[in-house]
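Written out below as structure tokens is the structure these notes cover.
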Amino acid sequence: MSKKVRVRFAPSPTGGLHLGGVRTVLYNYLYAKKHGGDFIVRVEDTDQTRFVPGAEEYIFQCLEWCGLQPDESVLHGGEYAPYRQSERKEMYRQYAEQLVKNGHAYYAFDTPEEIEEMRESLKAKGSHSLQYDYNIRHKMNNSVRLLPEETQKLLDAGTPHVIRIKIEPNQTVSFTDMIRGEITFDTNTVDDKVLLKADGMPTYHLAVVVDDHLMKISHAFRGEEWLPSAPVHILLWKYLFGVNEMPEWAHLPLILKPDGNGKLSKRDGDRLGFPVYAMDWTDPKTGDLTKGFKEIGFLPEAFNNLLAVLGWNDGTEQEIFSLEELIEKFSMDRVHKGGAKFDFEKAKWYNHEWIKKLPASNYSGRVKDIFIASGIEVKDEAYFISVLDLVKDRCTLLPDFVQQAGYFFSAPQTLDTEAVKPKWSEAKNDFFEEYIQQLTALATWDVASIENTFKDLAAAKNIKPGELQLPMRIMLVGGKFGPAVFTIAEMIGKEETIARIKNALVIFG
RNA sequence: GCCGCGUUGGUCAAGGGGUUAAGACGCCUCCCUUUCACGGAGGAAUCACGGGUUCGAAUCCCGUACGUGGUACCA
């Protein structure tokens, strides 16, 4: 029972990486790391019709951004290679044949049209099951009905065929799910799933069992959408390798759309204006770009955090967790059974918390890129980071820094004159004219000097300093936001401060 | 239709026979700050429904409703 923990994430490289997928990765990763095990990524590319160029590389880029590196994968190697199912194609047939030999599977020669016909007639009869199962398999074109010679003849002639699992009726299949406990199925409701397709590729059902066995997977975590096909997998384990060898299962709850009902999909993100994919994904066929969490300005720390607690918590009031803490505290039995609606507002809150929590140097590189893209030049790295640290309380998404810190690097393009003009007066104008003089004469340029000069002069002019601070802020910042105004003056320097006041005076006057 | 799984404020959720049913997001009010945030104090808002079991049910059991997933030679 002291089997080494080995878990796997098995994506199908068909497009963008959905946040639910990332959460599955996360839970796998956390479980593996907590128990000193291995995290494997196996590419499930058995459907050649759904091959999408670039999708596989993209998935690994997403994992890298999240900091969830596999121990074994297509990219990272490992002793159970290859990790791409298309490259393991030859391995699967023998298991399928073995099942046929043992009477647990059979060859089926039905064409798609014939199957369609079968369903139509079943529907016409008012049957509530349209499945290819024990009820109808002896009426179909397969080796259950055919004589062995007939079957052999078709096989020899190279007739296209699949191999289907033969589900015995009137049985009960049950297993223990780490999250849901005992789950039971009646085999009468399970259909004869295709195991090996006509093109020789396995379906997911065969491949997942064979590969989990070959790769010595100890725990299999996947989305709840797989629950209905679990009995097929259990049976396969039973017939092929024995249920004692079977990994422990956990079916993770789904992530639902925020409004209405149903699984969260890319479409919902487009419709509601938030990302669903981890990173930007461009469909190579249509050229359509779908925005990712990374690109709209999320921090990987926040992304992991918010995903981890969407369906899990440690039982305390803690909400902010680093990856290390998650590894330490994660446990599958505290994962929820029910699906959770995704709340983008809360997601943003997590990012805000992480921006505040982390030193700006942690993400200054990314912010710098955003600045450059906005046409703002950053020359002094240390100054840049100190500015970011000063304003980070005001930023929820990385691009917010452009608004919140841009004026430290270039004078505001526009001034919020409406905030000043109604109360503007000759006296205030005089104050600033004279303030410029005094600032120019200032020996030391620091917050205290700038502020004291301001207050002394205001007192001398008999104007409340408060009435002058907002204009001063608009002059330097352009709007009603930002940290203490004298701190800003200190940081942008004497020359720049005076220049901005002068410029504003022209506009206000 | 059939099968599986689920259901605590608008959302994420703690609690698993006796609690004033935590906390967070969002919303509202106030304090701090003559900016915006941060921070702090407060507020509105919840156990899907119906039956049991029990002295006592959000908690256990059974139904119902609702939701959700599956029902492919897709994963």
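Everything numeric here is computed off the predicted structure, so don't read it as measured data. Chain letters run A, B, ... following the sequence lines, proteins first and then strands; every chain starts at 1.
No engagement by A/Gly223 is indicated, since no non-hydrogen atom pair under 4.0 Å with the nucleic acid exists. If you check every strand for non-hydrogen atoms under 4.0 Å, A/Pro11 touches nothing. A/His251 comes within contact range of no nucleotide atom at all, as no heavy-atom separation falls under 4.0 Å. Contact annotation for A/Arg222: no contact, since no heavy-atom pair falls under 4.0 Å across all strands. Here A/Asp416 lies out of heavy-atom contact (under 4.0 Å) with every strand. Using a 4.0 Å heavy-atom distance criterion, A/Leu196 is classed as making no nucleic acid contact. Using a 4.0 Å heavy-atom distance criterion, A/Ala340 is classed as a sugar-phosphate-only contact.
The only member of A/Phe274, A/Tyr350, A/Trp349 that meets ring pair (Phe, Tyr, Trp, His ring centres under 6.0 Å) when paired with A/Phe344 is A/Phe274. Partner of A/Asp416 under the side chain to side chain contact (heavy atoms under 4.5 Å, CB included) criterion, chosen from A/Leu470, A/Val477, A/Ile474: A/Ile474.
When distances run from any side-chain atom of A/Pro228 to the nucleotides B/A24, B/G69, B/A22, the shortest one goes to B/G69. Counting only heavy atoms from C-beta on, A/Asp343 has its side chain closest to B/G10 among B/C73, B/G10, B/G23. Nearest nucleotide to the side chain of A/His336, out of B/A14, B/C73, B/A24: B/A14. Among the nucleotides B/C12, B/C3, B/U71, the one closest to any side-chain atom of A/Leu310 is B/C12. For A/Lys356, the listed nucleotide lying nearest its side chain is B/C38; candidates were B/A72, B/A24, B/C38. With B/G4, B/C12, B/C73 as the candidates, the nucleotide lying closest to the side chain of A/Val194 is B/C73. Out of B/U71, B/U68, B/C73, the shortest distance to the side chain of A/Ala198 is found at B/C73. The nucleotide whose nearest atom lies closest to any side-chain atom of A/His128 is, among B/U11, B/G1, B/C12, B/G1.
Within the 4.0 Å cut-off from OP1 or OP2 of B/A14, at least one side-chain nitrogen or oxygen of A/Asn313 is found. Note on A/Lys263: a side-chain N or O is less than 4.0 Å away from OP1 or OP2 of B/G70. Contact check, A/Thr316 against B/A14: no side-chain N or O comes under 4.0 Å of OP1 or OP2. Within the structure, every side-chain polar atom (N or O) of A/His205 is placed at least 4.0 Å from both OP1 and OP2 of B/A72. At B/A75, one or more side-chain N or O atoms of A/Lys197 fall inside 4.0 Å of OP1 or OP2 (strictly under the cut-off). Contact between the side-chain N/O atoms of A/Arg473 and the OP1/OP2 oxygens of B/C36 is not found at any separation under 4.0 Å.
Non-hydrogen atoms lying under 4.0 Å from RNA chain B are contributed by A/Asp393, A/Arg394, all within residues 391-401 of chain A.
With respect to A/Asp400 and A/Lys392, no salt bridge is recorded, no charged nitrogen being found less than 4.0 Å from a carboxylate O. Remark: A/Asp268 does not engage A/Lys266 in a salt bridge, criterion side-chain N to carboxylate O under 4.0 Å. The pair A/Asp47-A/Arg50 meets the salt-bridge criterion, since a charged nitrogen lies less than 4.0 angstrom from a carboxylate oxygen.
Rounded to whole Å, the distance from CG on A/Leu390 to C1' on B/C36 is 13 Å. Atom pair A/Glu225:CD and B/U68:P shows a separation of 15 Å (rounding to whole Å applied). For the pair A/Asn351 CG and B/A24 P, the interatomic distance rounds to 20 Å; values are reported in whole Å. Rounded to whole Å, the distance from CZ on A/Phe481 to C1' on B/U33 is 17 Å. Atom CH2 of A/Trp349 and atom C1' of B/G23 are 10 Å apart (whole Å). Look at CG on A/Leu130: it is 13 Å from P on B/G1, rounded to the nearest Å. Note: CD (A/Glu224) to P (B/G4) measures 14 Å, nearest angstrom. Rounded to an integer number of Å, the gap from CZ of A/Arg180 to C1' of B/G69 is 10 Å.
Checking A/Glu319 against A/Asp186, the closest nucleotide of RNA chain B that is more toward the 5' end is the one next to A/Asp186.
Between A/Ile370 and A/Pro399 the shortest heavy-atom distance is CD1-N, 4.0 Å.
Under the ring-ring contact (aromatic ring centres under 6.0 Å, His included) criterion, A/Tyr107 pairs with A/His161, not counting sequence neighbours.
Side chain to side chain, A/Glu182 and A/Thr176 meet the donor-acceptor criterion of an N or O pair below 3.5 Å. In summary, the side chains of A/Arg8 and A/Asn28 do not present any donor paired with an acceptor at a separation below 3.5 Å, with no hydrogens or angles considered.
With a 6.0 Å cutoff to the six-membered ring centre and a 45° limit on the axis angle, A/Lys357 counts as a cation-pi contact of A/Trp354.
The partner of B/C66 is B/G6, judged by Watson-Crick or G-U wobble contacts that both fall below 3.5 Å.
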